[in-house]
There are 2 protein chains.
Amino acid sequence: MTTQLDQVFSALADPTRRAILAMLLEDDMAVTDVAEPFAMSLAAISKHLGILTAAGLISQEKRGRVKWCKLEPDALREASVWMQGFGQMEALDLDAFEAFLVQELEG
Amino acid sequence: MTTQLDQVFSALADPTRRAILAMLLEDDMAVTDVAEPFAMSLAAISKHLGILTAAGLISQEKRGRVKWCKLEPDALREASVWMQGFGQMEALDLDAFEAFLVQELEG
DNA sequence: GAAAACGTCAACCATTTGGTTGAATATCAA
DNA sequence: TTGATATTCAACCAAATGGTTGACGTTTTC
(Lines give C-alpha, C1' and ligand atoms only; values in the text may rest on other atoms or scores of the structure.)
Protein backbone atom coordinates (compact mmCIF):
# COMPACT_ATOMS: atom_id res chain seq x y z
CA MET A 1 0.00 0.00 0.00
CA THR A 2 1.21 3.50 -0.80
CA THR A 3 -0.21 6.25 1.36
CA GLN A 4 -0.74 9.88 0.42
CA LEU A 5 2.13 10.75 2.74
CA ASP A 6 4.46 8.35 0.92
CA GLN A 7 3.55 9.93 -2.39
CA VAL A 8 3.95 13.51 -1.18
CA PHE A 9 7.36 12.92 0.39
CA SER A 10 8.74 10.91 -2.49
CA ALA A 11 7.43 13.50 -4.95
CA LEU A 12 9.30 16.16 -2.97
CA ALA A 13 12.49 14.09 -2.86
CA ASP A 14 13.34 14.91 -6.48
CA PRO A 15 14.99 18.31 -7.14
CA THR A 16 13.44 18.62 -10.60
CA ARG A 17 9.98 18.25 -9.09
CA ARG A 18 10.72 20.75 -6.33
CA ALA A 19 11.94 23.20 -8.97
CA ILE A 20 8.69 22.68 -10.89
CA LEU A 21 6.69 23.45 -7.76
CA ALA A 22 8.76 26.58 -7.21
CA MET A 23 8.00 27.69 -10.78
CA LEU A 24 4.28 27.08 -10.30
CA LEU A 25 4.40 29.19 -7.17
CA GLU A 26 4.55 32.24 -9.43
CA ASP A 27 1.88 31.28 -11.93
CA ASP A 28 0.00 28.47 -13.66
CA MET A 29 1.93 27.08 -16.62
CA ALA A 30 1.53 24.90 -19.70
CA VAL A 31 3.47 21.61 -19.79
CA THR A 32 5.75 22.81 -22.58
CA ASP A 33 6.62 25.95 -20.65
CA VAL A 34 7.31 23.97 -17.49
CA ALA A 35 9.72 21.80 -19.48
CA GLU A 36 11.56 24.67 -21.17
CA PRO A 37 14.28 25.41 -18.55
CA PHE A 38 15.18 21.74 -17.99
CA ALA A 39 17.82 19.77 -19.88
CA MET A 40 15.56 16.78 -20.36
CA SER A 41 12.86 15.59 -22.72
CA LEU A 42 9.27 16.75 -22.64
CA ALA A 43 8.23 13.16 -21.94
CA ALA A 44 10.36 13.11 -18.79
CA ILE A 45 8.77 16.33 -17.55
CA SER A 46 5.35 14.92 -18.39
CA LYS A 47 6.13 11.97 -16.11
CA HIS A 48 7.26 14.28 -13.31
CA LEU A 49 4.02 16.22 -13.64
CA GLY A 50 2.09 12.96 -13.45
CA ILE A 51 3.84 12.09 -10.19
CA LEU A 52 3.13 15.55 -8.74
CA THR A 53 -0.51 15.19 -9.78
CA ALA A 54 -0.82 11.72 -8.24
CA ALA A 55 0.56 13.14 -4.99
CA GLY A 56 -2.02 15.91 -5.14
CA LEU A 57 0.65 18.60 -5.19
CA ILE A 58 -0.54 20.03 -8.49
CA SER A 59 -3.63 19.72 -10.69
CA GLN A 60 -3.78 19.68 -14.46
CA GLU A 61 -6.58 20.99 -16.65
CA LYS A 62 -6.68 20.69 -20.42
CA ARG A 63 -8.00 23.68 -22.35
CA GLY A 64 -7.75 23.20 -26.09
CA ARG A 65 -4.44 21.55 -26.88
CA VAL A 66 -2.77 23.13 -23.85
CA LYS A 67 -2.67 21.40 -20.46
CA TRP A 68 -2.38 23.88 -17.62
CA CYS A 69 -0.57 23.00 -14.40
CA LYS A 70 -1.60 24.58 -11.11
CA LEU A 71 -0.05 24.34 -7.66
CA GLU A 72 -2.24 22.69 -4.99
CA PRO A 73 -0.63 23.71 -1.70
CA ASP A 74 -3.23 21.90 0.39
CA ALA A 75 -1.56 18.55 -0.22
CA LEU A 76 1.43 19.78 1.72
CA ARG A 77 -0.65 20.28 4.80
CA GLU A 78 -0.80 16.60 5.69
CA ALA A 79 2.94 16.20 5.34
CA SER A 80 3.65 19.43 7.11
CA VAL A 81 1.49 18.43 10.06
CA TRP A 82 3.46 15.23 10.30
CA MET A 83 6.75 17.09 10.31
CA GLN A 84 5.77 19.79 12.72
CA GLY A 85 5.26 17.26 15.48
CA PHE A 86 8.92 16.38 15.25
CA GLY A 87 10.45 19.68 14.38
CA GLN A 88 8.53 21.89 16.82
CA MET A 89 8.78 24.56 14.19
CA GLU A 90 8.68 28.20 14.93
CA ALA A 91 6.28 30.41 13.00
CA LEU A 92 6.59 30.71 9.25
CA ASP A 93 9.89 32.31 8.30
CA LEU A 94 9.46 33.69 4.80
CA ASP A 95 12.99 35.06 4.54
CA ALA A 96 14.48 31.64 5.22
CA PHE A 97 12.10 30.15 2.70
CA GLU A 98 13.06 32.62 0.03
CA ALA A 99 16.74 31.94 0.65
CA PHE A 100 16.22 28.23 0.11
CA LEU A 101 14.17 28.86 -2.98
CA VAL A 102 16.89 30.97 -4.60
CA GLN A 103 19.50 28.36 -3.71
CA GLU A 104 17.35 25.61 -5.22
CA LEU A 105 16.72 27.46 -8.46
CA GLU A 106 20.37 28.42 -8.89
CA GLY A 107 21.75 25.03 -7.90
CA MET B 1 24.62 15.90 -6.52
CA THR B 2 22.34 14.96 -3.67
CA THR B 3 21.32 17.80 -1.42
CA GLN B 4 20.38 17.58 2.23
CA LEU B 5 16.82 18.35 1.20
CA ASP B 6 16.80 15.39 -1.22
CA GLN B 7 18.01 13.11 1.53
CA VAL B 8 15.53 14.32 4.12
CA PHE B 9 12.52 14.02 1.85
CA SER B 10 13.47 10.63 0.45
CA ALA B 11 14.19 9.38 3.96
CA LEU B 12 10.69 10.48 4.98
CA ALA B 13 9.12 8.85 1.91
CA ASP B 14 9.40 5.37 3.43
CA PRO B 15 6.71 4.35 5.96
CA THR B 16 9.09 2.10 7.90
CA ARG B 17 11.45 5.02 8.42
CA ARG B 18 8.63 7.34 9.46
CA ALA B 19 7.48 4.71 11.95
CA ILE B 20 11.01 4.52 13.33
CA LEU B 21 11.07 8.29 13.80
CA ALA B 22 7.73 8.09 15.58
CA MET B 23 9.13 5.46 17.94
CA LEU B 24 12.19 7.57 18.68
CA LEU B 25 9.92 10.46 19.52
CA GLU B 26 9.20 8.73 22.81
CA ASP B 27 12.71 7.74 23.74
CA ASP B 28 16.19 6.84 22.53
CA MET B 29 16.45 3.20 21.49
CA ALA B 30 18.97 0.48 20.68
CA VAL B 31 19.02 -0.90 17.12
CA THR B 32 17.67 -4.29 18.19
CA ASP B 33 14.75 -2.68 20.00
CA VAL B 34 13.97 -0.45 17.03
CA ALA B 35 13.83 -3.56 14.85
CA GLU B 36 11.63 -5.61 17.17
CA PRO B 37 8.13 -4.54 15.97
CA PHE B 38 8.97 -4.85 12.26
CA ALA B 39 8.54 -7.94 10.13
CA MET B 40 11.93 -7.62 8.52
CA SER B 41 15.53 -8.50 9.24
CA LEU B 42 17.78 -6.62 11.59
CA ALA B 43 20.08 -5.87 8.66
CA ALA B 44 17.24 -4.15 6.82
CA ILE B 45 16.50 -1.96 9.85
CA SER B 46 20.20 -1.23 10.19
CA LYS B 47 20.14 0.08 6.61
CA HIS B 48 17.09 2.23 7.30
CA LEU B 49 18.85 3.69 10.33
CA GLY B 50 21.87 4.43 8.16
CA ILE B 51 19.67 6.36 5.73
CA LEU B 52 18.04 8.31 8.56
CA THR B 53 21.50 9.11 9.95
CA ALA B 54 22.81 10.25 6.57
CA ALA B 55 19.82 12.57 6.28
CA GLY B 56 20.61 13.95 9.72
CA LEU B 57 17.21 12.92 11.06
CA ILE B 58 18.72 10.75 13.78
CA SER B 59 22.15 10.28 15.35
CA GLN B 60 23.70 7.04 16.54
CA GLU B 61 26.12 6.63 19.40
CA LYS B 62 27.78 3.36 20.33
CA ARG B 63 28.12 2.58 24.02
CA GLY B 64 29.58 -0.82 24.61
CA ARG B 65 28.03 -3.26 22.18
CA VAL B 66 24.81 -1.27 22.00
CA LYS B 67 24.27 1.49 19.43
CA TRP B 68 21.77 4.06 20.64
CA CYS B 69 19.54 5.91 18.21
CA LYS B 70 18.37 9.42 18.96
CA LEU B 71 15.96 11.67 17.11
CA GLU B 72 17.47 14.87 15.67
CA PRO B 73 14.46 17.07 14.94
CA ASP B 74 16.60 19.97 13.71
CA ALA B 75 17.13 18.30 10.34
CA LEU B 76 13.43 18.67 9.68
CA ARG B 77 13.67 22.41 9.94
CA GLU B 78 15.19 22.89 6.50
CA ALA B 79 12.55 20.74 4.86
CA SER B 80 9.77 22.28 6.88
CA VAL B 81 10.83 25.78 5.90
CA TRP B 82 10.70 24.72 2.28
CA MET B 83 7.20 23.33 2.65
CA GLN B 84 5.77 26.15 4.65
CA GLY B 85 6.34 28.56 1.81
CA PHE B 86 3.96 26.51 -0.29
CA GLY B 87 1.50 25.33 2.28
CA GLN B 88 1.03 28.58 4.19
CA MET B 89 0.60 26.47 7.27
CA GLU B 90 -1.38 27.51 10.28
CA ALA B 91 0.17 27.18 13.72
CA LEU B 92 1.21 23.80 15.02
CA ASP B 93 -1.83 21.56 15.47
CA LEU B 94 -0.82 18.83 17.88
CA ASP B 95 -4.18 17.07 17.79
CA ALA B 96 -3.99 16.63 14.05
CA PHE B 97 -0.43 15.42 14.41
CA GLU B 98 -1.37 12.83 16.99
CA ALA B 99 -4.18 11.58 14.76
CA PHE B 100 -1.73 11.04 11.90
CA LEU B 101 0.71 9.36 14.20
CA VAL B 102 -1.84 6.85 15.44
CA GLN B 103 -2.96 6.15 11.89
CA GLU B 104 0.64 5.59 10.82
CA LEU B 105 1.45 3.22 13.66
CA GLU B 106 -1.74 1.20 13.21
CA GLY B 107 -1.63 1.10 9.43
C1' DG C 1 -6.58 19.68 -46.27
C1' DA C 2 -1.75 19.94 -44.82
C1' DA C 3 1.37 21.18 -41.53
C1' DA C 4 2.72 22.60 -37.05
C1' DA C 5 2.20 22.62 -31.96
C1' DC C 6 0.92 20.21 -27.58
C1' DG C 7 1.21 16.39 -24.99
C1' DT C 8 1.08 11.30 -23.95
C1' DC C 9 2.12 6.40 -24.70
C1' DA C 10 5.01 2.32 -25.15
C1' DA C 11 9.16 0.12 -25.18
C1' DC C 12 13.43 0.17 -23.60
C1' DC C 13 17.67 1.02 -20.51
C1' DA C 14 20.80 1.94 -16.41
C1' DT C 15 20.73 2.90 -11.69
C1' DT C 16 18.77 2.98 -7.18
C1' DT C 17 16.02 0.99 -3.58
C1' DG C 18 14.49 -2.20 -0.18
C1' DG C 19 14.81 -6.48 1.00
C1' DT C 20 17.21 -11.26 1.82
C1' DT C 21 20.91 -14.47 3.76
C1' DG C 22 25.29 -15.85 5.76
C1' DA C 23 29.63 -14.61 7.52
C1' DA C 24 32.27 -11.36 10.29
C1' DT C 25 33.34 -8.18 14.28
C1' DA C 26 32.88 -6.47 18.85
C1' DT C 27 31.45 -6.69 23.44
C1' DC C 28 29.61 -8.67 27.52
C1' DA C 29 28.66 -12.64 30.76
C1' DA C 30 29.62 -17.28 32.93
C1' DT D 1 37.64 -19.18 27.25
C1' DT D 2 33.52 -20.17 25.71
C1' DG D 3 29.35 -18.69 24.38
C1' DA D 4 25.66 -15.49 23.78
C1' DT D 5 24.31 -10.70 22.33
C1' DA D 6 24.51 -6.60 19.31
C1' DT D 7 25.40 -4.88 14.98
C1' DT D 8 27.33 -4.51 10.47
C1' DC D 9 29.19 -6.17 6.00
C1' DA D 10 29.02 -8.33 1.44
C1' DA D 11 26.82 -10.48 -2.09
C1' DC D 12 22.82 -11.05 -4.13
C1' DC D 13 17.89 -10.25 -6.00
C1' DA D 14 13.38 -8.19 -7.63
C1' DA D 15 11.07 -4.13 -8.25
C1' DA D 16 10.85 0.80 -8.66
C1' DT D 17 12.80 5.15 -10.54
C1' DG D 18 14.29 8.49 -13.86
C1' DG D 19 15.64 8.95 -18.09
C1' DT D 20 15.63 8.08 -23.48
C1' DT D 21 13.47 7.65 -28.25
C1' DG D 22 9.91 7.21 -31.71
C1' DA D 23 5.19 6.75 -32.88
C1' DC D 24 0.68 8.46 -31.95
C1' DG D 25 -3.75 11.35 -31.21
C1' DT D 26 -5.58 16.15 -30.81
C1' DT D 27 -6.15 20.75 -31.62
C1' DT D 28 -4.95 24.83 -33.94
C1' DT D 29 -3.26 27.52 -37.87
C1' DC D 30 -2.27 28.49 -42.71
Side-chain angles (χ1 to χ4, degrees), chain A residues 1-24 27-70 104 107, chain B residues 1-24 27-70 104 107:
Chain A
M1 191 200 59
T2 336
T3 71
Q4 180 76 7
L5 212 43
D6 291 336
Q7 291 187 71
V8 169
F9 281 129
S10 71
L12 293 177
D14 185 282
T16 299
R17 288 192 290 262
R18 288 200 307 277
I20 291 174
L21 292 179
M23 289 166 62
L24 292 177
D27 214 343
D28 298 358
M29 294 179 80
V31 173
T32 305
D33 295 333
V34 169
E36 198 272 330
F38 296 99
M40 81 184 63
S41 70
L42 186 58
I45 295 295
S46 179
K47 279 193 194 177
H48 281 304
L49 292 171
I51 290 167
L52 289 169
T53 301
L57 289 165
I58 68 169
S59 59
Q60 294 182 285
E61 185 198 354
K62 193 165 182 181
R63 279 203 294 277
R65 64 179 164 183
V66 173
K67 203 166 187 179
W68 292 92
C69 304
K70 179 178 171 5
E104 276 270 306
Chain B
M1 191 202 56
T2 335
T3 71
Q4 179 76 7
L5 211 42
D6 292 336
Q7 290 187 72
V8 169
F9 280 130
S10 70
L12 293 177
D14 185 281
T16 299
R17 287 192 291 262
R18 288 200 307 277
I20 290 174
L21 293 178
M23 290 166 60
L24 292 177
D27 215 343
D28 298 359
M29 294 178 81
V31 174
T32 305
D33 295 332
V34 169
E36 197 273 330
F38 297 99
M40 81 184 61
S41 70
L42 187 59
I45 295 295
S46 179
K47 280 193 194 176
H48 281 304
L49 291 171
I51 290 168
L52 289 169
T53 302
L57 289 165
I58 68 170
S59 59
Q60 293 183 285
E61 185 199 353
K62 193 165 181 180
R63 279 203 295 276
R65 62 181 163 180
V66 173
K67 202 165 186 180
W68 292 92
C69 305
K70 180 178 172 1
E104 277 271 306

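Atom set for the values below is all heavy atoms of this structure, side chains included, hydrogens, waters and symmetry mates excluded. A, B, ... follow the sequence lines: proteins, then strands. Residue 1 opens every chain.
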Visitor: Tell me the salt bridge (Lys or Arg N to Asp or Glu O under 4.0 Å) pairs involving residues 51-61 of chain B, sequence neighbours left out?
Guide: B:E61-B:R63

Visitor: Counting the atoms with a prime plus P, OP1 and OP2 as sugar-phosphate, which does A:A43 contact under 4.0 Å by heavy atoms, base, sugar-phosphate, or nothing?
Guide: base

Visitor: Send over the distance from A:F9 CZ to C:dT17 C1', rounded to a whole Å.
Guide: 18 Å

Visitor: Is there a residue in residues 55-65 of chain B whose heavy atoms reach under 4.0 Å of DNA chain C, and which residues are they?
Guide: B:G64, B:R65

Visitor: Chain A on DNA chain D: first and last contacting nucleotide, 5' to 3', under 4.0 Å to a heavy atom?
Guide: D:dG18 to D:dT28

Visitor: Taking atom C1' of C:dT17 as reference, at what distance in whole Å does atom CD of B:Q7 sit?
Guide: 14 Å

Visitor: Show the nearest heavy-atom pair for residues A:L12 and A:R18, with the distance to one decimal.
Guide: O-NH1, 2.8 Å

Visitor: Taking the axis from the first five pairs and the axis from the last five, what angle separates them in the helix from C:dG1-D:dC30 to C:dA30-D:dT1, rounded to 10 degrees?
Guide: 20°

Visitor: Which pair of heavy atoms, one from A:H48 and one from A:I20, lies closest together, and at what distance?
Guide: CB-CD1, 4.1 Å

Visitor: For residues 28-44 of chain B, dump all side-chain donor-acceptor pairs below 3.5 Å to protein atoms at least two apart in sequence or in another chain.
Guide:
| residue | atom | partner | partner atom | Å |
| --- | --- | --- | --- | --- |
| B:S41 | OG | B:A44 | N | 3.1 |

Visitor: Which parts of residues 34-42 of chain A get close to DNA chain C, meaning a heavy atom less than 4.0 angstrom away?
Guide: A:L42

Visitor: Hey, could you give me each pair passing salt bridge (Lys or Arg N to Asp or Glu O under 4.0 Å) that has a residue in residues 8-17 of chain B? Not counting sequence neighbours.
Guide: none

Visitor: Let me have the donor-acceptor pairs involving side chains of residues 52-60 of chain A, under 3.5 Å, with sequence neighbours excluded, atom names and distances please.
Guide:
| residue | atom | partner | partner atom | Å |
| --- | --- | --- | --- | --- |
| A:T53 | OG1 | A:L49 | O | 2.7 |
| A:T53 | OG1 | A:Q60 | OE1 | 3.1 |
| A:S59 | OG | A:E72 | OE2 | 2.9 |

Visitor: Grab the two heavy atoms, one from A:D6 and one from B:P15, that are nearest each other, plus how far apart they are.
Guide: OD1-CD, 3.4 Å

Visitor: If you measure from SG on B:C69 to CG on B:D27, what distance do you get to the nearest 0.5 Å?
Guide: 12.0 Å

Visitor: Specify the separation, in whole Å, of atom CE of A:M29 and atom C1' of C:dC6.
Guide: 14 Å

Visitor: Between B:K47 and B:T32, which is nearer to the 5' end of DNA chain D once each is assigned its nearest nucleotide?
Guide: B:T32

